[in-house]
Engineer: 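Have a look at the structure that comes next, please.
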Amino acid sequence: GAGHRLTVHCRELDNGGGVALGLELRGQDGTLHFSAIADLDARPPPAAQAGAPLLGLGDWQGEIYDGSVLFHGAGFRVIRSVEGVSDQGIVGRVAGTREAGWDGRGWLTDPALLDGGLQLALLWHKHMMGGPSLPTSLGSYRVYPIARQHGPVRCVVQGRVLDRSAALANIVFANDDGQVVAELSDVETHLIPGGVQ
């Protein structure tokens with residue numbers, strides 16, 4: 001239909017060693033829907049290496065895009081494979097904007113890649129809690145100055161259950177040389193009410 005009108009509000013919080021911006025996404029009536037702090041440092045973060053491998057990975061059972069846990073349309077189906085899953089996490093290959101057929105020009109980040117990592121976190125949540133969930137918060141996002149990978153990127157989700165409906169995960173994206181391309185930290189997911197199957 002007509003959709004919703006949302007406004008992004010941005011204000012400078014600090015201009016010391018870098019620039020810190022306060023970001024808010026507000027509805028027409030001023031309701032706050034989302035907030036974040038963007039820390040724009042002129043110095044690139046130090047290169048990171050992928051963490052310890054997940055042990056005891058078993059085969060993923062079932063469809064990746066089943067219409068319930070992952071309900072994404074064809075353009076957003078960026079998980080190319082699931083290598084394995086365990087109680088500690090899940091590992092898969094995720095396509096970036098170029099391979100997914102998105103227009104990647106002008107992006108400083110790769111939204112398809114990030115969405116694929118969040119999708120893998122939802123699959124892991126289903127493995128642990130038996131139902132569909134949604135991401136509800138994100139602690140931090142860090143991108144590294146490494147040339148973009150052509151083709152799928154290895155994505156490792158390491159998580160832990162917080163309570164009967166919530167889990168917390170860290171998501172690491174690494175290229176074929178093992179260099180970390182990006183990280184999402186403290187990604188919180190919650191079961192959708194009535195979603196346990």
Side-chain angles (χ1 to χ4, degrees), residues 48-100 102 109-144 146 148-193 195-197:
Q49 291 297 316
L54 294 174
L55 301 176
L57 290 174
D59 291 336
W60 173 256
Q61 302 297 319
E63 292 289 319
I64 293 174
Y65 294 98
D66 63 356
S68 174
V69 175
L70 296 183
F71 46 83
H72 302 71
F76 284 85
R77 293 182 178 189
V78 294
I79 297 175
R80 295 302 186 240
S81 65
V82 176
E83 292 178 22
V85 64
S86 74
D87 289 353
Q88 289 74 44
I90 190 169
V91 179
R93 305 253 332 147
V94 179
T97 53
R98 177 185 245 169
E99 187 185 34
W102 298 14
T109 185
D110 192 324
L113 198 67
L114 299 178
D115 197 64
L118 293 172
Q119 291 175 30
L120 273 174
L122 299 182
L123 288 181
W124 178 75
H125 196 131
K126 160 78 173 179
H127 171 77
M128 295 301 293
M129 299 193 178
S133 62
L134 288 173
T136 53
S137 71
L138 165 64
S140 66
Y141 164 63
R142 184 171 261 196
V143 63
Y144 296 94
I146 295 168
R148 287 199 179 178
Q149 175 83 6
H150 299 295
V153 170
R154 190 165 196 261
C155 181
V156 178
V157 177
Q158 291 184 303
R160 64 184 171 90
V161 172
L162 297 177
D163 59 35
R164 293 183 337 181
S165 67
L168 192 68
N170 293 323
I171 305 172
V172 175
F173 304 87
N175 65 19
D176 289 338
D177 295 329
Q179 296 173 305
V180 175
V181 176
E183 295 176 288
L184 293 171
S185 300
D186 297 328
V187 175
E188 198 164 333
T189 53
H190 282 85
L191 277 174
I192 296 171
V196 178
Q197 298 175 345

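Since this is a predicted model, take the numbers as computed values, not measurements. The figures that follow rest on heavy atoms only: side chains count, while hydrogens, waters and symmetry mates do not.
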Engineer: Under the salt bridge (Lys or Arg N to Asp or Glu O under 4.0 Å) definition, can you give me all pairs with a residue in residues 81-90, not counting sequence neighbours?
Structural biologist: Glu83-Arg154
Engineer: Do Leu57 and Val91 touch side chain to side chain, with heavy atoms closer than 4.5 Å?
Structural biologist: yes
Engineer: Can you name the nearest heavy-atom pair linking Ala182 to Tyr141, along with the distance?
Structural biologist: CB-CE1, 4.0 Å
Engineer: Can you tell if the side chain of Gln179 reaches within under 4.5 Å of the side chain of Val181, non-hydrogen atoms only?
Structural biologist: no
Engineer: What's the shortest heavy-atom distance between Leu123 and Val82, and which atoms?
Structural biologist: CD1-CG2, 4.2 Å
Engineer: Which value, rounded to the nearest 0.5 Å, describes the distance between Leu120 atom CG and Ile79 atom CD1?
Structural biologist: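 One gets 4.0 Å once the value is rounded to the nearest 0.5 Å.
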Engineer: Hey, are the side chains of Pro152 and Val94 touching, using non-hydrogen atoms and a 4.5 Å cut-off?
Structural biologist: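 In short, these two side chains do not touch, never coming nearer than 4.5 Å.
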Engineer: So do the side chains of Leu191 and Arg164 get within less than 4.5 Å of each other, counting heavy atoms only?
Structural biologist: no
Engineer: What is the minimum heavy-atom distance between Val153 and Asn175, and which atoms define it?
Structural biologist: CG1-N, 4.4 Å
Engineer: Holding to side chain to side chain donor-acceptor pair (under 3.5 Å), I want the full list of residues that pass it with Asp115, two or more places apart in sequence or in another chain.
Structural biologist: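 Result, side chain to side chain donor-acceptor pair (under 3.5 Å) vs Asp115: Gln119.
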Engineer: Which distance, rounded to the nearest 0.5 Å, do you find between the CZ of Arg98 and the CG of Leu113?
Structural biologist: 13.5 Å
Engineer: With sequence neighbours left out, write down each residue that passes side chain to side chain contact (heavy atoms under 4.5 Å, CB included) with Leu162, or none if nothing qualifies.
Structural biologist: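 Per chain and number, Leu162 pairs via side chain to side chain contact (heavy atoms under 4.5 Å, CB included) with Arg160, Ala166, Leu168, Glu188.
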Engineer: Okay, side chain of Asp66, backbone of Ser68: is any donor-acceptor separation there less than 3.5 Å?
Structural biologist: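 Yes; at least one donor-acceptor contact below 3.5 Å.
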Engineer: Taking ring-ring contact (aromatic ring centres under 6.0 Å, His included) as the test, write out the residues that go with Phe76, two or more places apart.
Structural biologist: Trp102
Engineer: Testing the basics here: between Leu138 and Val187, what is the closest heavy-atom pair and its distance to 0.1 Å?
Structural biologist: CD1-CG2, 3.6 Å
Engineer: With side-chain contact (heavy atoms from CB on, under 4.5 Å) as the test, pick out the partner of Ile171 among Asp186, Val157, Val156.
Structural biologist: Val157
Engineer: How far apart are the closest heavy atoms of Ser86 and Trp124, and which atoms are they?
Structural biologist: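 Minimum heavy-atom separation between Ser86 and Trp124: O-NE1, 3.0 Å.
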Engineer: How long is the straight-line distance from OH of Tyr144 back to CD of Glu183, given to the nearest 0.5 Å?
Structural biologist: 3.5 Å
Engineer: Going by the rule side chain to side chain contact (heavy atoms under 4.5 Å, CB included), which residues pair with Ser185 if we only count those two or more places apart in sequence or in a different chain?
Structural biologist: Ser140, Asn170
Engineer: Going by side chain to side chain donor-acceptor pair (under 3.5 Å), name the residues that satisfy it together with Arg80, two or more places apart in sequence or in a different chain.
Structural biologist: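 Once residues adjacent in sequence are excluded, Arg80 has no partner under the side chain to side chain donor-acceptor pair (under 3.5 Å) criterion.
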Engineer: Rounded to the nearest 0.5 Å, how far apart are NE2 of His190 and OG of Ser165?
Structural biologist: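 Rounded to the nearest 0.5 Å, the NE2-OG separation comes out at 5.0 Å.
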Engineer: Ignoring hydrogens, what is the shortest heavy-atom contact between Phe173 and Cys155? Give both atom names and the distance.
Structural biologist: CE2-SG, 3.7 Å
